[in-house]
Protein chains: 2
Amino acid sequence: MAVTISDVAQAAGVSKGAVSYALNGQPGVSPDTRERILSVAKDLGWKPSLRAKGLSSAKAYALGLVVARDPSLLGTDPFFPAFIAGIETALAEHDYTLVLSVATAPGAEERCYRKLVENGRVDGVILTDVRHDDSRIPLLLELKVPAVTVNRPDAGSPFPAVSVDESAGIIAAVEHLVALGHRRIAHVGGGQEYIHGRNRREAWEKALGAAGLPADLFAAADFTAAGGVAATAGLLRQADRPTAIVYANDLMATAGQSYAQSLGLSVPGDLSITGYDNAEFTQYLNPPLTTLATDPMLWGRVAAQVLLNQLTGAGRGEDTVLPAPRLVVRASTGPAPTDPGPARH
Amino acid sequence: MAVTISDVAQAAGVSKGAVSYALNGQPGVSPDTRERILSVAKDLGWKPSLRAKGLSSAKAYALGLVVARDPSLLGTDPFFPAFIAGIETALAEHDYTLVLSVATAPGAEERCYRKLVENGRVDGVILTDVRHDDSRIPLLLELKVPAVTVNRPDAGSPFPAVSVDESAGIIAAVEHLVALGHRRIAHVGGGQEYIHGRNRREAWEKALGAAGLPADLFAAADFTAAGGVAATAGLLRQADRPTAIVYANDLMATAGQSYAQSLGLSVPGDLSITGYDNAEFTQYLNPPLTTLATDPMLWGRVAAQVLLNQLTGAGRGEDTVLPAPRLVVRASTGPAPTDPGPARH
DNA sequence: ATACGGAACTGAACCGGTTTAGTAATACCC
DNA sequence: GGGTATTACTAAACCGGTTCAGTTCCGTAT
């Protein structure tokens, strides 16, 4: 058995209560006694039991993250690992830990949140992949659990949000293409049920509008490679096909580029392509991908910090906006072709 | 406040103890009473508090996983997300959760394990990325915490291991290349401090031996893209350069392929390339990558199950060997060139 | 001198379960 | 019919902390 507070109390010749006060910096013990207790505690190597602490203070000292993705897709996105690493850097400073749940089956997501909260596993949760009219917001309100959202939900959410100015990133990509002479700039969007899917699409529309171009080349997809291929195929089949495609993520861009090449199109000779995320493999594609570099680690760190502040009462619950993604220009974008050529099938 | 065991006891007109017995299927209550208690509990919506349970039973009902990787590399490996998803599928069935720690700073890894165990956060840990003479084995023994290792450590480990017959995968890749007429088959290895790095190298040596070929074209790397490029450069600079390279993972293969192409080599015309992991993006490379498909999700699931069995006393602590990786032949491998041509710089 | 206030500390209750020791009632046995 | 098991249950201790309600003791104001 490990050493307990009673052992320390006995060794220091005081009561359990005094040890507790001394440890937590509360009044009720003289400076001399406090010091003596702390020194005895250190000598005995006492570590207060989190379990006991949790029981009496009704806290878990942990944050929860539920990742709802098809497991086969999980490995394709460089976002989560780095995001989680960021969370950890913030937690490590506060003796909190991260409880991770992966909801694979549809509908399992809600159960995951319920379980984490009702079992008292976590004191707060981080909400990612926020969706349009997200049902998890009322759920978390019902569960009365503090939360942060990654991106601001469209439906009224009382939780602080940590977001990135995605518009600025997409706008930079579009401006880059416009500067290269492109006039037919398409967008292969991610799932439009996601706020970030919508943000990127709207930014694309806005940027085209600002350039005086019509935003008529939108193809809906779902952030998956297969979806990217299908959307790309649809776009390239059109008579007045695009000379550039802005993809909502790297995986779709990669798959789209590969598909376009399989049709005999040259990238960027016939078609310019941009991605989003700056996944490491994109610099080794042929050609390397022009994309938008985000900082998911920072995102995770800030999200966790905001949530921790809320829990300790230090936070004011304000939204945070992180720096915009940075355009990384590589060889997948180039001057617009003078004649885009016929549609491809 | 949530409903507690006392509320249930009072409502059912019995003592707390009786409720506890009824809930846990222990003797000491008559079938009638048991049923009545359970029905009252259900009516009140009682969920026994994990915290209280944990305190009295000295358990955490959680498993720990420490991921020690450079955060910038974390997103490049499709292994962990799927592995974690697999763990979750096993945990979900047992009301356990996963506590995840990411150790970024060097030396932080040991502290992570200590903290998780000493704070009583976890009842057991899953050890991945097992290294040669791994210092974490004695550490876990000192901490007296149950564990499973992913791959069998070379130093004596008392913990059950869940491994994959990596040899069979690499051997299949080499045999595939030999069948295509290759005689100069190199290997770009992952970090040799890792058991899986060594396993893959040894399998490559073994396969070449079986084919009567010398295993003289080894280039050490570290599973990173940059390392893969450097190792590839070294191999291609040799006078009698390889006509095929077996890489220890997809990222190095991707980077190596891109580098070889930048030298003007045709893949697979001049150089055949195989990877390992079957990351999704590899099928969209140009050419798509021949690689070895593993099942990290199954791996995670089995590892968690073995550990849970140990905790519940059901396990016999035996090693488990999962099915060998499957060779996925794509366009990055082809017939050996009749004349490999001069070394490239 | 006496009442009052605050600091320093103790003992016990409490968080919500599990588990042990003890008790009452019934069944069994010779 | 008296002793002994067995069953069904309760009361209380316990896990290891926090916190509340007192108690002592001291300094100070009246």
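What you are looking at is a predicted structure, and each value in this text was computed from that prediction instead of being measured. By convention in this document, chain letters (A, B, ...) are assigned in the order of the sequence lines, proteins followed by strands, and residues within each chain are numbered from 1.
We find that CZ of B:Arg51 is positioned 15 Å from C1' of C:dC14, with the value rounded to whole Å. Rounding to whole angstrom units, NZ of residue B:Lys47 and C1' of C:dG17 are separated by 16 Å. Separating the CD1 atom of A:Ile5 from the P atom of D:dT19 is a distance of 11 Å, rounded to the nearest angstrom. To the nearest angstrom, C1' of C:dT20 lies 15 Å from CG of B:Asn24. With rounding to whole Å, B:Asp7 atom CG is found 10 Å from C:dC15 atom P. Rounded to a whole Å, the CG atom of B:Leu50 is 10 Å from the P atom of C:dG17. Counting to the nearest Å, the P atom of D:dA8 and the CZ atom of B:Arg34 are 9 Å from each other. For the pair B:Gln10 CD and D:dT10 P, the computed distance is 13 Å after rounding to whole Å.
Ring geometry for B:Tyr194 versus B:His196: interplanar angle of 30 to 60°, hence tilted.
In terms of modelled atom types and a separation under 3.5 Å, the side chain of B:Asp134 and the main chain of B:Arg136 share a donor-acceptor contact.
With a 6.0 Å radius and a threshold of 12 heavy atoms from other residues, nucleotides or ligands, B:Gln10 has its CD atom at or below the threshold. Few gaps surround CD on A:Glu193; more than 12 heavy atoms of other groups in view lie less than 6.0 Å from it.
For the salt bridge (Lys or Arg N to Asp or Glu O under 4.0 Å) test with B:Glu109, the passing option among B:Arg114, B:Arg131, B:Arg69 is B:Arg131; the others fail.
With 3.5 Å as the limit, one finds a donor-acceptor pair spanning the side chains of A:Arg301 and A:Thr89.
Within 4.0 Å of A:Ser57, counting heavy atoms only, lies no atom of the nucleic acid at all. Note on A:Gly120: nothing from the nucleic acid sits closer than 4.0 angstrom, heavy atoms only. Among the protein residues, A:Lys59 comes within range of no part of the nucleic acid, since none of its heavy atoms lies under 4.0 Å from any strand.
Between D:dG17 and A:Trp46, a contact under 4.0 Å exists linking OP1 or OP2 to a side-chain N or O. Distances shown here put a side-chain N or O of B:Ser30 below 4.0 Å from the OP1 or OP2 atom of D:dC9.
Mapped onto DNA chain D by nearest heavy atom, A:Gln26 and B:Thr33 fall at different nucleotides, with B:Thr33 at the one closer to the 5' end. For the pair A:Pro27 and B:Val19, both in contact range of DNA chain C, the more 5′-proximal nearest nucleotide belongs to A:Pro27.
Listed nucleotides D:dG17, C:dG16, D:dT10 differ in distance to A:Thr4; the shortest reach to its side chain belongs to D:dG17. Across D:dG16, C:dT10, C:dG17, the shortest atom-to-atom separation from the side chain of B:Leu55 is found for D:dG16. Counting only heavy atoms from C-beta on, A:Ser15 has its side chain closest to C:dT10 among C:dT10, C:dG17, C:dA8. Between C:dG16, C:dT10, D:dT18, one nucleotide has an atom nearer to the side chain of A:Ser20 than all others, and that is D:dT18. Considering only the side chain of B:Ser56, D:dC15 comes nearest among D:dG17, D:dC15, D:dT18.
Residue B:Lys53 places no side-chain atom within donor-acceptor reach of the base of C:dG16, judged by atom type and a 3.5 Å distance cut-off alone. Between the side chain of B:Tyr21 and the base of C:dT20, at least one donor-acceptor pair of N or O atoms lies under 3.5 Å. With hydrogens and angles left out, the side chain of A:Lys16 and the base of D:dG16 share no donor-acceptor pair within 3.5 Å.
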